[in-house]
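Order of the sequence lines fixes the chain letters, A, B, ..., with proteins taken first and strands second; residue numbering starts at 1 for each chain. Below, each value reflects all heavy atoms present in this structure, side chains not excepted, and no hydrogens, waters or symmetry copies.
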2 protein chains.
Amino acid sequence: MHSKEIFNIVKARRESLNVTQETLAQLSGVALRTLKQFESGKGNPTLQTLQKLGDALGLEVTVIIKNRGINS
Amino acid sequence: MHSKEIFNIVKARRESLNVTQETLAQLSGVALRTLKQFESGKGNPTLQTLQKLGDALGLEVTVIIKNRGINS
DNA sequence: TAAAAAAGTGCTTTTTAACGCACTTTATAA
DNA sequence: TTATAAAGTGCGTTAAAAAGCACTTTTTTA
């Protein structure tokens with residue numbers, strides 16, 4: 001998953017919950033300017049920022065091992 | 001998954017591959033000083049930095065919807 | 001055990017994410 | 001249509017992530 005995919009998931013999730021960028025900014029504690037940046041495909045969020053958005057949207061940031069099923 | 005859990009996964013994965021911090025730093029392009037910081041439980045990496053480490057370790061950063069099975 | 005390797009830390013500089021403001025563009029509804 | 005809401009952008013500031021250096025502590029191994 002590269003960053004643009006992650007941004008797309010955040011955006012899609014927000015839209016599926018019928019929440020505006022402004023509302024999500026308030027709920028998450030991430031500045032509106034910053035959120036706009038991500039949803040228009042730019043930027044490089046910190047883990048904390050991604051987690052704030054995730055918390056507000058019911059999303060979770062995880063790290064998984066690739067190729068499960070081929071290896072262990 | 002909070003950040004310390006994520007750091008632990010990175011560290012455990014590196015160790016399971018028998019790679020030193022120094023080698024991982026070289027392979028990933030993340031500075032040794034920065035990697036040390038994470039593995040000792042501190043800091044707030046950017047998505048890009050996390051992905052660099054993940055790429056070198058065969059880990060993937062993902063965002064998933066919580067409560068799968070209860071909701072959709 | 002000593003020596004060597006690996007891991008961890010304090011301090012500093014450089015780079016850039018996050019933010020705020022003002023504004024433009026696009027989408028929505030009256 | 002045309003107000004109105006929502007989304008997107010340029011620019012400057014501030015806060016902090018990333019990096020470099022020198023050093024200490026811990027772990028490994030010869």
Side-chain angles (χ1 to χ4, degrees), chain A residues 1-68 71-72, chain B residues 1-68 71-72:
Chain A
M1 241 183 206
H2 32 283
S3 56
K4 291 197 182 175
E5 266 180 278
I6 292 176
F7 293 155
N8 285 341
I9 289 173
V10 169
K11 179 169 188 171
R13 176 67 169 174
R14 178 182 62 77
E15 285 172 344
S16 84
L17 297 173
N18 275 287
V19 169
T20 65
Q21 289 180 340
E22 191 160 15
T23 301
L24 176 54
Q26 288 167 200
L27 291 177
S28 64
V30 172
L32 179 58
R33 186 66 183 79
T34 303
L35 176 56
K36 283 173 183 296
Q37 198 181 4
F38 300 148
E39 289 204 4
S40 53
K42 297 162 204 159
N44 176 23
T46 62
L47 178 57
Q48 207 177 75
T49 297
L50 214 47
Q51 284 171 333
K52 281 187 193 172
L53 293 173
D55 288 349
L57 289 172
L59 299 174
E60 181 168 22
V61 181
T62 69
V63 172
I64 60 173
I65 298 178
K66 281 182 191 168
N67 306 321
R68 275 254 166 242
N71 302 320
S72 82
Chain B
M1 241 181 204
H2 32 282
S3 57
K4 290 197 181 174
E5 269 181 274
I6 291 176
F7 294 154
N8 285 341
I9 289 173
V10 168
K11 180 171 188 169
R13 176 68 169 174
R14 177 182 63 77
E15 285 172 343
S16 85
L17 296 173
N18 276 287
V19 170
T20 65
Q21 290 179 340
E22 190 160 16
T23 301
L24 175 55
Q26 288 167 199
L27 292 178
S28 64
V30 172
L32 180 58
R33 187 65 184 76
T34 302
L35 175 56
K36 284 174 183 295
Q37 197 181 5
F38 300 147
E39 289 203 6
S40 54
K42 298 162 203 159
N44 175 24
T46 62
L47 178 56
Q48 206 177 79
T49 298
L50 213 47
Q51 284 171 334
K52 281 186 193 172
L53 294 172
D55 288 349
L57 290 171
L59 299 174
E60 180 167 23
V61 181
T62 68
V63 173
I64 60 173
I65 299 178
K66 282 181 190 166
N67 305 322
R68 274 256 168 239
N71 302 320
S72 83

A.B. asks: Which residues satisfy the side-chain hydrogen bond (donor to acceptor under 3.5 Å, both in side chains) test with N8(B), sequence neighbours excluded?
C.D. replies: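 Applying side-chain hydrogen bond (donor to acceptor under 3.5 Å, both in side chains) to N8(B) gives none.
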
A.B. asks: Summarise protein proximity over nucleotides 23-30 of chain C in one line of letters, 5' to 3': B for base, S for sugar-phosphate only, - for none, counting protein heavy atoms closer than 4.0 Å.
C.D. replies: --------

A.B. asks: If you compare every side-chain N and O of S40(B) against the phosphate oxygens of dA7(C) (OP1, OP2), does one of them come in below 4.0 Å?
C.D. replies: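 No.
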
A.B. asks: Distance from L27(A) atom CG to L57(A) atom CG, nearest 0.5 Å?
C.D. replies: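 The CG atom of L57(A) is 8.5 Å from CG of L27(A), to the nearest 0.5 Å.
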
A.B. asks: Kindly point out which of dA17(D), dG8(C), dG8(D) is positioned nearest to the side chain of E39(B)?
C.D. replies: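 The answer is dG8(C).
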
A.B. asks: Where does DNA chain D pair, written as one dot-bracket string 5' to 3', with Watson-Crick or G-U pairs under 3.5 Å, ( ) inside the strand, [ ] for crossing pairs and | for another strand?
C.D. replies: ||||||||||||||||||||||||||||||

A.B. asks: Give me the one residue out of I9(A), I64(A), L59(A) that meets side-chain contact (heavy atoms from CB on, under 4.5 Å) with T62(B).
C.D. replies: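 Of all the options given, the one that passes is I64(A).
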
A.B. asks: Residues in side-chain hydrogen bond (donor to acceptor under 3.5 Å, both in side chains) with D55(B), at least two apart?
C.D. replies: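 side-chain hydrogen bond (donor to acceptor under 3.5 Å, both in side chains) list for D55(B), sorted by chain: empty.
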
A.B. asks: Between L35(B) and A25(B), which heavy-atom pair has the shortest distance, and what is it?
C.D. replies: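 Smallest heavy-atom distance, with atoms named: CD2-N, 4.0 Å.
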
A.B. asks: Do you know which two heavy atoms are closest between F38(A) and P45(A), and how far apart they sit?
C.D. replies: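 Reported closest heavy-atom pair: CZ-CB, 3.4 Å.
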
A.B. asks: Taking side chain to side chain contact (heavy atoms under 4.5 Å, CB included) as the test, write out the residues that go with I6(B), two or more places apart.
C.D. replies: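 Checked I6(B) against side chain to side chain contact (heavy atoms under 4.5 Å, CB included); matches are L47(A), Q51(A), V61(A), V63(A), M1(B), L50(B).
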
A.B. asks: Keeping to residues at least two apart or across chains, list the salt bridge (Lys or Arg N to Asp or Glu O under 4.0 Å) pairs with something in residues 39-51 of chain B.
C.D. replies: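 Sorted pair list: R14(B)-E39(B).
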
A.B. asks: Please list, chain by chain and in numerical order, all residues satisfying side chain to side chain contact (heavy atoms under 4.5 Å, CB included) with T20(A), sequence neighbours excluded.
C.D. replies: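 Applying side chain to side chain contact (heavy atoms under 4.5 Å, CB included) to T20(A) gives E22(A), T23(A).
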
A.B. asks: For the pair made of NZ in K42(B) and P in dA17(D), what is the distance, rounded to whole Å?
C.D. replies: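 Those two atoms, NZ and P, are 14 Å apart.
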
A.B. asks: Given the rule in the side-chain contact (heavy atoms from CB on, under 4.5 Å) test, do L24(B) and L53(B) qualify, once you have shown the distances and angles that lead to the verdict?
C.D. replies: CA-CA 8 Å; L24(B) 175 55; L53(B) 294 172; 4.1 Å; yes

A.B. asks: Taking NZ from K11(A) and C1' from dA7(D), how many angstroms apart are they, rounded to a whole number?
C.D. replies: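 Atom NZ in K11(A) sits about 8 Å away from atom C1' in dA7(D).
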
A.B. asks: Can you list, in residue-number order, the parts of residues 28-37 of chain B that come under 4.0 Å of DNA chain D, counting heavy atoms only?
C.D. replies: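 Close to the strand are G29(B), V30(B), A31(B), R33(B), T34(B).
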
A.B. asks: Name all residues meeting the side-chain hydrogen bond (donor to acceptor under 3.5 Å, both in side chains) criterion together with E5(B); count only those two or more places apart in sequence or in a different chain, and write none if there are none.
C.D. replies: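 side-chain hydrogen bond (donor to acceptor under 3.5 Å, both in side chains) list for E5(B), sorted by chain: H2(B).
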
A.B. asks: Rounded to whole angstrom units, what separation is found between the CG atom of N44(A) and the P atom of dT15(C)?
C.D. replies: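 Rounded to the whole Å, the gap is 16 Å.
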
A.B. asks: By a strict heavy-atom criterion of less than 4.0 Å, which residues belonging to residues 16-27 of chain A are in contact with DNA chain C?
C.D. replies: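 Correct list: empty, so none.
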
A.B. asks: Strictly by side chain to side chain donor-acceptor pair (under 3.5 Å), give each pair with a member in residues 24-35 of chain A just once, sequence neighbours left out.
C.D. replies: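 Qualifying pairs: none.
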
A.B. asks: Could you give the distance from NZ (K4(A)) to OG (S40(A)), rounded to the nearest 0.5 Å?
C.D. replies: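 Nearest 0.5 Å value for the NZ-OG distance: 10.0 Å.
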
A.B. asks: Go through residues 47-62 of chain B and report each residue with a non-hydrogen atom lying under 4.0 Å from DNA chain C, sorted by number.
C.D. replies: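 Residues of residues 47-62 of chain B that come under 4.0 Å of DNA chain C do not exist, since none gets that close.
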
